[in-house]
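Before any comments, here is the structure.
Chain identifiers are assigned alphabetically (A, B, ...) following the order of the sequence lines, protein sequences preceding nucleic acid strands; residue numbering begins at 1 within each chain. These numbers come from a predicted model, not from an experiment.
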Protein chains: 2
Amino acid sequence: MPEPAPGSRPTLEAVAARAGVSRATVSRVVNGGAGVRQALVEKVREAVEELGYVPNHAARTLVTRRNGAVAVIIAEPEFRVFSDPFFEQQVRGISRELTAHDSQLVLLWVEGPGDYDRIGRYLGGGHVDGALAFSVHDNDELPSIIRRAQVPAVFGGRPGWPGATAGPAVPYVDCDNRGGAREAVRHLLSLGRERVAHIAGPRDQTSAMDRMDGYQDVLLAAGPGLIAQGDFTEESGARAMAELLEQRPDLDAVFAANDLMASGALRVLRERGLRVPEDVALVGFDDMTSIAEATDPPLTTVRQDIEGMGRLMVRLLMRVLNADEAEPGAGSAPGSVITPTELVRRASA
Amino acid sequence: MPEPAPGSRPTLEAVAARAGVSRATVSRVVNGGAGVRQALVEKVREAVEELGYVPNHAARTLVTRRNGAVAVIIAEPEFRVFSDPFFEQQVRGISRELTAHDSQLVLLWVEGPGDYDRIGRYLGGGHVDGALAFSVHDNDELPSIIRRAQVPAVFGGRPGWPGATAGPAVPYVDCDNRGGAREAVRHLLSLGRERVAHIAGPRDQTSAMDRMDGYQDVLLAAGPGLIAQGDFTEESGARAMAELLEQRPDLDAVFAANDLMASGALRVLRERGLRVPEDVALVGFDDMTSIAEATDPPLTTVRQDIEGMGRLMVRLLMRVLNADEAEPGAGSAPGSVITPTELVRRASA
DNA sequence: ATGAAAGCGCTAACAG
DNA sequence: CTGTTAGCGCTTTCAT
């Protein structure tokens, strides 16, 4: 345990002196040691160890123009967000992958429109190599801020704002919402269900819309009154279920756009004395285990690999960064990633 | 909207040329503009605007040795952590206050012993001006890592590890756990209750122990069988309540060390047909509104200003940083902060 | 394979 | 008040 001199850290210079080599050589060794004689490498390593040398990040950034930091932007239009287990998992994946890439996670917490200015300046200031953001709502200002700041970015979730499809493609990572929804509905049909209803999520979130599209892909002409609108909350799921039951008392299956709404629906179903899955089969989406495994009966649902998506966001960003380095400004079309989903069968369908 | 030249940002030099002054003058203006003629200030401001100049952080850090970033270390020995509402609030407070101090939040997520090494190196590498950590358990390695890295740090929650009291005092921010507990118990007594039980939190968390101490301060000789051990979970609260009821069926009040355990206790109380507060009065701790307001009856509890504590952690750290700057290495004894608590009366007591 | 030297962009004495 | 100058610690040609 080298006791560093209090006050000032040893520099490259000091290490060089100690090892009897030049600064350049020390630098090479510290950065991998390619093209340096083994004997010297060892001598330098020793000196580094003895002095407890740690490279000065600022100095390195100044010349390499890389700062080994990535911003994670958390916009908070709603109440929860952080305490959302979905979020926690995604950030965890990001954190892990960033660590693997020797990068730091700089958290940018946006609390209101007033913050956008600050965030824009920060992003534009070149403090981070790139940014990771989440496209929650369609009409979010964030994308344009990021574009203006000219910082490479990757989104979590397919962006849905107006010009998203036009112009330079915005790289994003999302799960196969539409395909997963199709699988859920097909599963319900395979169970012999004939009147499958859908509880949809908010209209301004692409994930919700994609899931509804998937539902409609399979049920080309979904009967009237079989789709109800929710907003991803438990309460809205309950309301939507009540509505559906009123319009179509004959329904025999429900596909809810997320587990939380499914649990709300389940509650109403039971209150009405309907048995799940005997009378009505129910499938959710997300496989938020804290919900899906806690309900009675446990929910059959569509799983997405949330942590994996977080990791992929980082990998994608790193690819953009490296492409940018090779050919700056080249529209290196990084493409997006859609991760597969998986139907998890439990007892509700 | 100045369209920055693609590829490279304008430097101080460029601004100086444009404004027809020296780099030094531009630097002065950019950093507040003290001692520069108004005419020049404006000329420089204009040039900055036109060129879309943004200071290079790395260059600035290199000379000032300040990087405007603070690490928030999240150790995760348990499952939840991030999704803990307590945590969310504290981090929110930290984030806000950091923003007010023009500092960035660098998130360091520690997932296991293997990560300590990396964290230690990072902290020691001078990438951040200081660190904020949370003292969850007594036997955590984190404090020693931080000390070795010689980075100024402030803890959230009174540290309880062995040498915490010896050596240089570790600044921390905590609420008045002991005083709050006293108030809770006194309230129960003022209601005429005579056999007040306590459901304690984990023995290796100072907050839990302090609350128990507060309980004992008031009930100098708490009768036998009036204290049961929990671990801050709902389930443990229920178990503890059952235990207490068995040992002291005559108890007429309970002070639980947190709201989660109180809600567990409440559940058991109701299962046994005991009325709250008529038969047994109940007080919790934390005022986690998502719990305290959701129970039936709503919980009387001890509120702590969690977000405020987060903000205070930052302020305290900034004070340490500034003291350090004035007199490096001086044991400037920053002291800790204990924030007051407040009894929130609802229906349970 | 190694070293010498030239900056990266900025701040902070120090002169004027 | 303003400009000149000297680095901060590191990487990176370019010689050798």
Side-chain angles (χ1 to χ4, degrees), chain A residues 4-5 7-45 47-48 51-69 102 124-127 129 325 328, chain B residues 4-5 7-45 47-48 51-68 102 124-127 129 325-326 328:
Chain A
S8 74
R9 300 177 189 297
T11 69
L12 250 201
E13 183 85 53
V15 178
R18 175 113 187 180
V21 299
S22 73
R23 296 208 310 263
T25 299
V26 178
S27 175
R28 288 180 189 116
V29 172
V30 169
N31 293 297
V36 178
R37 232 182 333 150
Q38 192 54 31
L40 277 196
V41 171
E42 269 157 36
K43 219 171 1 184
V44 171
R45 290 248 162 86
V48 165
L51 264 38
Y53 168 76
V54 180
N56 179 313
H57 196 66
R60 183 178 277 177
T61 297
L62 187 54
V63 33
T64 60
R65 276 119 197 301
R66 275 276 201 141
N67 29 30
D102 276 316
H127 297 145
D129 297 327
E325 191 166 331
Chain B
S8 75
R9 300 177 189 296
T11 69
L12 252 200
E13 184 85 52
V15 177
R18 175 114 188 180
V21 297
S22 73
R23 295 206 314 261
T25 298
V26 178
S27 175
R28 287 180 188 112
V29 172
V30 169
N31 293 295
V36 179
R37 232 184 331 151
Q38 193 53 32
L40 278 196
V41 171
E42 269 157 34
K43 211 157 28 169
V44 171
R45 289 248 162 86
V48 164
L51 265 39
Y53 169 77
V54 180
N56 178 312
H57 195 66
R60 184 178 276 178
T61 297
L62 188 54
V63 36
T64 61
R65 276 123 199 303
R66 274 276 201 142
N67 31 30
D102 276 316
H127 298 146
D129 296 328
E325 192 166 331

message: Give me each pair satisfying salt bridge (charged side-chain N to carboxylate O under 4.0 Å, His left out) with a member in residues 24-36 of chain B, each pair once, sequence neighbours excluded.
response: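 Every pair satisfying salt bridge (charged side-chain N to carboxylate O under 4.0 Å, His left out) with a residue in residues 24-36 of chain B: there are none.
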message: Considering only residues two or more places apart or on different chains, which pairs with a residue in residues 53-62 of chain A satisfy salt bridge (charged side-chain N to carboxylate O under 4.0 Å, His left out)?
response: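 Output for this query is empty, none listed.
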query: So do the side chains of A/Asn56 and B/Leu62 get within less than 4.5 Å of each other, counting heavy atoms only?
result: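 Yes; the side chains approach each other to less than 4.5 Å.
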Please list every donor-acceptor pair under 3.5 Å in which a side-chain atom of residues 19-27 of chain B meets a protein atom from a residue at least two apart or in another chain.
{"from": "B/Ser22", "atom 1": "OG", "to": "B/Ala24", "atom 2": "N", "distance (Å)": "3.4"}
{"from": "B/Ser22", "atom 1": "OG", "to": "B/Thr25", "atom 2": "N", "distance (Å)": "3.3"}
{"from": "B/Ser22", "atom 1": "OG", "to": "B/Thr25", "atom 2": "OG1", "distance (Å)": "3.4"}
{"from": "B/Arg23", "atom 1": "NH1", "to": "B/Glu13", "atom 2": "OE1", "distance (Å)": "3.4"}
{"from": "B/Ser27", "atom 1": "OG", "to": "B/Asn31", "atom 2": "ND2", "distance (Å)": "3.4"}

Heavy-atom pair of closest approach, residues [X] and [Y]:
X	Y	value
A/Thr61	B/Ala58	CG2-CB, 3.6 Å
B/Arg65	B/Asp129	O-OD1, 4.3 Å
B/Val30	B/Tyr53	CG2-CE2, 4.0 Å

- prompt: Atom CG of A/Leu62 and atom C1' of D/dC8: how far apart are they, to the nearest Å?
  reply: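 Nearest whole value for this atom pair: 9 Å.
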- prompt: Within this structure, what is the CD-to-P distance between B/Glu42 and D/dT2, rounded to whole angstrom?
  reply: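 Going from CD in B/Glu42 over to P in D/dT2 covers 12 Å.
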message: Side-chain N or O of A/Arg9 versus OP1/OP2 of D/dG9: is the shortest distance under 4.0 Å?
response: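 No, A/Arg9 has no side-chain N/O under 4.0 Å of OP1/OP2 on D/dG9.
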message: Roughly what angle, to 10°, lies between the helix axis at the start of the helix from C/dA1-D/dT16 to C/dG16-D/dC1 and the one at its end, five pairs per end?
response: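 Helix axis angle between the two ends: 40°.
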task: Would you please name every residue forming a side-chain hydrogen bond (donor to acceptor under 3.5 Å, both in side chains) with A/Arg18, sequence neighbours left out?
output: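 Counting only residues at least two positions away or on another chain, A/Arg18 forms a side-chain hydrogen bond (donor to acceptor under 3.5 Å, both in side chains) with A/Glu50.
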task: For each nucleotide in nucleotides 10-16 of chain D, reading 5' to 3', give B when a protein heavy atom comes within less than 4.0 Å of its base, S when such contact involves only the sugar-phosphate, and - otherwise.
output: BBBB---
